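Step one of this worksheet: look at the structure below.
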Amino acid sequence: MSVNHTAYTARAHSNIALVKYWGKADTAQNTPAVGSISMTLDGLFTTTECRFLPDLPEDDITLNGSTPSEIQSERIRSFLDLIRNRAGITSRARIRSDNNFPTGAGLASSASGFAALTLSATRAAGLSLTATDLSALARRGSGSAARSIYGGFVELPCAVPGNHRSHRDDPAAIQLFPQEYWDLRMLILIISTEEKPVGSRQGMIRTAETSPYYRSWVESAEADLRDMRNALQTRDFQKLGDIAEFSCFKMHGLMLSARPALLYWQQATVTAIHELRHLRHQGIPVYVTIDAGPQVKALCLPEYLDQISRVARSIPGIQHVLETKVGPNATLL
Ligand code: DP6
C-alpha cells in the first residue's frame with residue numbers, strides 16, 4: 001500500500017469501563033498501570049475522515065465543525081506523527097471528525113475519537129495494520145481508545161512484568177466477547193456538558209503522585225478483572241453490576257484522595273446514585289458507573305430499561321437520558 005491522497009473514513013464507538021483504568025505505568029508510551037474491561041456503546045460514535053495531502057503546510061483539523069484548541073491540536077498532531085513515522089511519510093493531514101454526542105464531558109470522546117482517527121489515518125497513510133496493532137497504536141492517543149477498536153466486551157491489560165495477557169511494553173486490547181454475546185443496556189444520565197476541570201491525563205498523574213491509596217488501587221485491580229471476566233463468562237448480571245460499582249466507587253475514592261482532590265461529581269450525580277440505589281432496593285436490577293465527569297451511567301437488562309429510564313428522566317438535575325446497547329467494532333466506511 002502507498003499514500004494515494006484518497007480520503008478514508010472510519011467510525012468507532014465510544015466505550016464505558018466496567019473495571020476502570022486510572023493510572024499510567026509509562027506516561028510517554030501511555031501504558032496503563034491497571035487493566036480495564038469495557039462495554040462498547042452502540043449509540044455513541046465518532047466518524048473521522050482523513051487524507052494526507054503533499055501540499056498542505058500543516059495538519060488541518062476540524063472537530064465537530066470547529067478548529068480544536070491548541071492543546072487538542074497538539075495532541076492530535078503528535079499522534080499523527082507516530083503514524084507518519086511508521087508509514088515513512090511526511091505529508092500533512094486533513095482531518096474532519098464528528099461525534100454524535102457531547103464532547104469532553106465524561107462521555108469518553110477521546111476513546112471513540114482516537115480509535116476512529118487510528119483506523120482512518122493509518123489507512124490513508126498506506127498502512128494496513130491488524131486489529132491488535134491498531135489497538136496498541138490507538139492507546140498512544142488515549143488509553144480508552146485502545147478498547148474502542150473492538151465492539152462487545154473488551155479488556156485492555158496493564159503493562160507490568162509478568163502479565164501474560166498482552167505484550168508488556170506495548171499493550172493492546174483484546175475482545176473478550178462480541179457485540180451479540182449479551183444484550184446489556186446502558187442509560188447515560190447527562191448532568192452537565194461543560195468541559196471537565198481536570199482532564200484524565202493530568203488527573204492520573206496527580207493521583208499517582210499524591211494519593212496515599214494509589215498503590216492499593218493498582219494492587220487490587222487484578223482481582224476485579226478476574227471477577228469481571230467471570231461475571232461475563234457466566235452472564236451473571238448481578239455480579240457484573242456489583243463489580244462495576246465497586247471499581248467505579250473505588251476509583252472515585254482514589255480520585256478524592258488526591259491532593260488537591262479530584263471531584264468530578266455534581267449535586268445531581270449524588271442524587272442520581274441515591275435514586276438508582278433506591279430502585280435496586282425495590283427489586284429492579286440496576287447498577288451505576290461514573291467516569292471522570294458528572295454523568296451517571298446506569299447498567300441494566302433490556303426488560304427493565306423503560307422503567308429505569310422513566311425514573312432517570314424525573315431525577316432533578318438530569319438534562320437528558322441517552323439509551324444505548326452494546327456496540328460494534330470500529331470500521332472503515
Ligand atoms: C475514567 O483513556 O481518557 O474513563 O489515556 O490519558 O487519554 P488517557 O486517559 P483516558 O482515561 C479514561 C479514564 C476513565 C476510565 C476508563 O475509561 O477506563
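Since the structure is predicted, the reported quantities are computational estimates derived from the model, not experimental observations. As the structure lists them, so they are numbered: ligands from 1, and atoms in each ligand from 1.
Of all the atoms in ligand 1, the ones that sit under 4.0 Å from a non-hydrogen atom of R201 are 5 (O), 6 (O), 7 (O), 8 (P). Heavy-atom proximity to M251, at under 4.0 Å, picks out these atoms of ligand 1: 1 (C). Close contacts of ligand 1 with A17, meaning ligand atoms under 4.0 Å from a residue heavy atom, involve 16 (C), 17 (O), 18 (O). The distance from ligand 1 to the heavy atoms of S110 drops below 4.0 Å at these ligand atoms: 3 (O).
Using a 4.0 Å cutoff on heavy atoms, R147 counts as a contact of ligand 1.
Ring-plane geometry between F153 and W182 is classed as tilted, the angle between the planes lying from 30 to 60 degrees on a 0 to 90 degree scale.
A donor-acceptor distance shorter than 3.5 angstrom exists from the side chain of N100 to the backbone of G43, with no hydrogens or angles considered. With hydrogens and angles disregarded, a donor-acceptor distance shorter than 3.5 Å links the side chain of S148 to the backbone of H13. Although no hydrogens or angles enter the test, the distance criterion places a donor-acceptor pair under 3.5 Å between the side chain of R206 and the main chain of P260.
Between N15 and ligand 1, a contact under 3.5 Å exists for no N or O pair. Residue-to-ligand polar distances place K24 within reach of ligand 1: an N/O pair is separated by less than 3.5 Å. Checking only distances, S144 does come within under 3.5 Å of ligand 1, N or O to N or O. When only interatomic distances are considered, the shortest N/O to N/O separation between G143 and ligand 1 falls below 3.5 Å.
Of the heavy atoms in R139, none comes closer than 4.0 Å to ligand 1. In R75, the part holding a heavy atom less than 4.0 Å from any atom of ligand 1 is the side chain. In N30, the part holding a heavy atom less than 4.0 Å from any atom of ligand 1 is the side chain.
Scanning all heavy atoms of the two residues, the minimum distance from A244 to M228 falls at N-CE, 3.8 Å. When all heavy atoms of E245 and V288 are compared, the closest pair comes out as OE2-N, 2.9 Å. F114 and A145 make their closest contact through CB-CB, 3.6 Å (heavy atoms, listed as atom of the first residue, atom of the second, distance).
For S220 and K250, the side-chain atoms include at least one donor-acceptor pair closer than 3.5 Å.
Residue S142 holds the heavy atom nearest to atom 7 (O) of ligand 1 of all those in G35, S142, A292.
We find the CZ-CG distance between R140 and D81 to be 11.0 Å, quoted to the nearest 0.5 Å.
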